Amino acid sequence: MKTIITYGTFDLFHFGHVRLFKRLKNLGDRLIVGVSTDEFNALKGKAAFFNYQQRIEIVEACKYVDMVIAETDWRQKRSDIIRLNADVFAIGDDWAGKFDELNDICSVLYLERTQQISTTDIKNNLATPTATIISPQTA
């Protein structure tokens, strides 16, 4: 059985997240997703719209995900990979080179991000009052 593991905040779940999970699941038999806790996000200087428990529930509902674990610390990746027998650690290419030290215990893969979508962009667009609302009569 080939196991893939990835990590992230996965806030404001969108089609980029779904496409990532689908691509990862197609690489193996089991997909494990580490979801950053609120406390860990605070250490990273990030704030999620949905709290940790809500994000866990959303990620668990995705049909490509087999297991969800808590991400509480930068250093836990190595021990998670060993403990969960992960064959591949995969993450977005915006992290390229940052996790190469894990190559001694598994394959490390940096995937191209889905174009034209990001949680940051969604948050920024929601904060901009120029959004166009389409009424049922004009749709």
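Since the structure is predicted, the reported quantities are computational estimates derived from the model, not experimental observations.
- Contacts of Asp93 classified as side-chain contact (heavy atoms from CB on, under 4.5 Å), with partners at least two apart in sequence or in another chain: Tyr110, Glu112, Arg113.
- Counting all heavy atoms, side chain and backbone alike, Ala90 lies closest to Thr6 at O-OG1, 2.6 Å.
- Under the rule for a side-chain contact (heavy atoms from CB on, under 4.5 Å), the partners of Ile105 that lie at least two apart in sequence or sit in another chain are Arg78, Ile81, Ile82, Leu102.
- Judged as a side chain to side chain donor-acceptor pair (under 3.5 Å), and not counting sequence neighbours, Tyr52 has no contacts.
- In this structure, the side chains of Ile32 and Arg30 come closer than 4.5 Å at one or more pairs of heavy atoms.
- Residue Ile4 holds its CD1 atom at 12.5 Å from CZ of Arg23, rounded to the nearest 0.5 Å.
- Remark: Asp29 engages no residue in a side chain to side chain donor-acceptor pair (under 3.5 Å) (not counting sequence neighbours).
- Atom CG of Leu27 and atom CG of Leu109 lie 6.0 Å apart (nearest 0.5 Å).
- Side-chain contact between Ser107 and Val88 is present, with heavy atoms from C-beta onward closer than 4.5 Å.
- For the salt bridge (Lys or Arg N to Asp or Glu O under 4.0 Å) test, no residue two or more places apart in sequence or in another chain qualifies with Asp87.
- Residues Ser36 and Lys44 come closest through the heavy atom pair OG-NZ, 3.1 Å.
- By the 6.0 Å contact criterion, CD on Gln54 is enclosed, its count of non-hydrogen atoms from other residues, nucleotides or ligands being greater than 12.
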Val33 and Tyr7: side chain to side chain contact (heavy atoms under 4.5 Å, CB included), yes or no, with the steps?
CA-CA 6 Å; Val33 177; Tyr7 294 84; over 6 Å; no
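- The environment of CZ in Arg75 is sparse: at most 12 heavy-atom neighbours from other residues, nucleotides or ligands sit within 6.0 Å.
- Note: Asp80 CG to Lys77 NZ = 8.5 Å, rounded to the nearest 0.5 Å.
- Asn26 pairs by the side-chain contact (heavy atoms from CB on, under 4.5 Å) definition with Lys22, not counting sequence neighbours.
- Val35 and Leu20 fall within a single hydrophobic cluster, where Ile, Leu, Val, Met, Phe, Trp and Tyr are joined by side-chain heavy atoms under 4.5 Å apart, directly or via other members.
- Within the structure, ring pair (Phe, Tyr, Trp, His ring centres under 6.0 Å) pairs that include any residue of residues 22-48 comprise Phe40-Trp74 (at least two apart or interchain).
- Across all their heavy atoms, Cys106 and Ala86 have their closest contact at CB-O, 3.7 Å.
- Listed by chain and number, the residues in a ring-ring contact (aromatic ring centres under 6.0 Å, His included) with Phe99 are Phe89, Trp95 (sequence neighbours excluded).
- Ring geometry for Phe21 against Phe13 counts as tilted: the plane angle lies between 30° and 60°, on a 0 to 90° scale.
- The side-chain contact (heavy atoms from CB on, under 4.5 Å) search around Glu39 returns Thr37, not counting sequence neighbours.
- Every salt bridge (Lys or Arg N to Asp or Glu O under 4.0 Å) that Asp38 has, sequence neighbours left out, goes to Arg55.
- Applying the side chain to side chain donor-acceptor pair (under 3.5 Å) criterion to Lys46, with sequence neighbours excluded, gives Thr9.
- No side-chain heavy atom of Leu84 sits less than 4.5 Å from a side-chain heavy atom of Thr3.
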Quick one: side chains of residues 58-70, donor-acceptor pairs under 3.5 Å with protein atoms, not counting sequence neighbours, listed by atom name and distance.
{"from": "Asp66", "atom 1": "OD1", "to": "Lys25", "atom 2": "NZ", "distance (Å)": "3.1"}
{"from": "Asp66", "atom 1": "OD2", "to": "Lys25", "atom 2": "NZ", "distance (Å)": "2.4"}
{"from": "Asp66", "atom 1": "OD2", "to": "Leu31", "atom 2": "N", "distance (Å)": "2.7"}

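- Taking 4.5 Å as the limit, some side-chain heavy atom of Leu111 sits within range of a side-chain heavy atom of Leu24.
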